[in-house]
Amino acid sequence: MLKVLAFHPLMCAVPSFSGDLAREAWASHPYFSLSRFVMTLGGGAIIYLWMGGVADLGYALLETVVNVRVRDMFAAPWEATSIRSFWKWRWNATFQEGLECAIVPGEPVRTEEVDHKKHDGEPKHHDKQKKMSFMQTMFSAFLIFLLSGFFHDAVNYATWGYLSPTTTIFFFLQFLAVAIEFPVSKMMIYRLTPKYIKIVAVLLWLAVSGGLFVAPYMQHGGLAVFASPLGECGNIYEKASNAFGKHTAVAV
């Protein structure tokens, strides 16, 4: 619940994240600019707070009803030390795992033990799936990212009547990053690289490529599309101002 409530003041504190100002701010800066990168990471933080808050509430209710531990949708995504760990375990993991179970051959049922501290920032899994070759892994990853792109572009079209391949291109770039990172991660120089450098590298990659994902939102009124229980920015500020005025009048 705190995540849902926290995303609202963050979005409203920066006018360029919602309304016409979001559209103007996004269009007035070139893609490869510091302003775009900051807006992209800020937009990602707002989306995380909203989606994470809604998921936490829904999962808490589900766990209470069925008494079964449900995997968290987000697991400290800002601590990801690789693109692969970001998408496979740390960001919208429920959706990604659902696609993986539908696509990857073998037995999808698994037990999971998340231990970030002992596993260098990556949850450790006890998979019952058969080990796949590099080509099988990459083909499955390609299908997962491709379907993710199609799904998000379909949602954008249903929301705004806006058909654009930008989100699909974004997820295709994530696939390319994972495909390159996979063999590189086995090299000694990669294993000796400090954790904080890996984290910074992941954030930089997301800041640069994430503009393709955030673009449809910013071009259609910003992140105000994510509903808040507190209402619109203007409404909550007006209510707070009126309440403060009444309180001051009573005190006088």
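Small disclaimer: the values here were computed from a predicted structure and weren't measured. All values below come from the heavy atoms of this structure, side chains included, with hydrogens, waters and symmetry mates left out.
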Is there side-chain contact between I47 and F213, with at least one heavy-atom pair below 4.5 Å? yes

Over 60° means perpendicular and under 30° means parallel, so tell me whether F182 and F134 are parallel, tilted or perpendicular. tilted

Hydrophobic cluster membership, M218 vs Y157, 4.5 Å side-chain cutoff: no

Where do F172 and L176 land on the side chain to side chain contact (heavy atoms under 4.5 Å, CB included) test, with the steps shown first? CA-CA 6 Å; F172 178 70; L176 291 180; 3.6 Å; yes

Is it true that a side-chain atom of R84 and a backbone atom of E181 form a donor plus acceptor pair closer than 3.5 Å? no

Is it true that S82 and S85 share a donor-acceptor pair across their side chains at a distance under 3.5 Å? yes

Apply the test side chain to side chain contact (heavy atoms under 4.5 Å, CB included) to residues W205 and F86: give CA-CA distance (whole Å), side-chain angles for both, the deciding distance (0.1 Å), then the verdict. CA-CA 11 Å; W205 166 250; F86 179 86; over 6 Å; no

Flag side-chain contact, heavy atom, 4.5 Å: P216 against T167: yes

Under a 4.5 Å cut-off applied to non-hydrogen side-chain atoms, are D153 and F171 in contact? no

Kindly give the heavy-atom pair with the smallest separation between Q174 and I83, and that separation in Å. OE1-CG2, 4.1 Å

Ignoring hydrogens, what is the shortest heavy-atom contact between L206 and T40? Give both atom names and the distance. O-CG2, 3.8 Å

Of all heavy-atom pairs between A179 and P183, which one has the smallest distance, and what is that distance? O-CD, 3.0 Å

Minimum heavy-atom separation for F170 and L212, please, with both atom names. CB-CB, 3.7 Å

Counting only heavy atoms not in I197, do more than 12 fall under 6.0 Å of its CD1? yes

Mind checking whether F175 and F142 have parallel, tilted or perpendicular rings, split at 30° and 60°? perpendicular

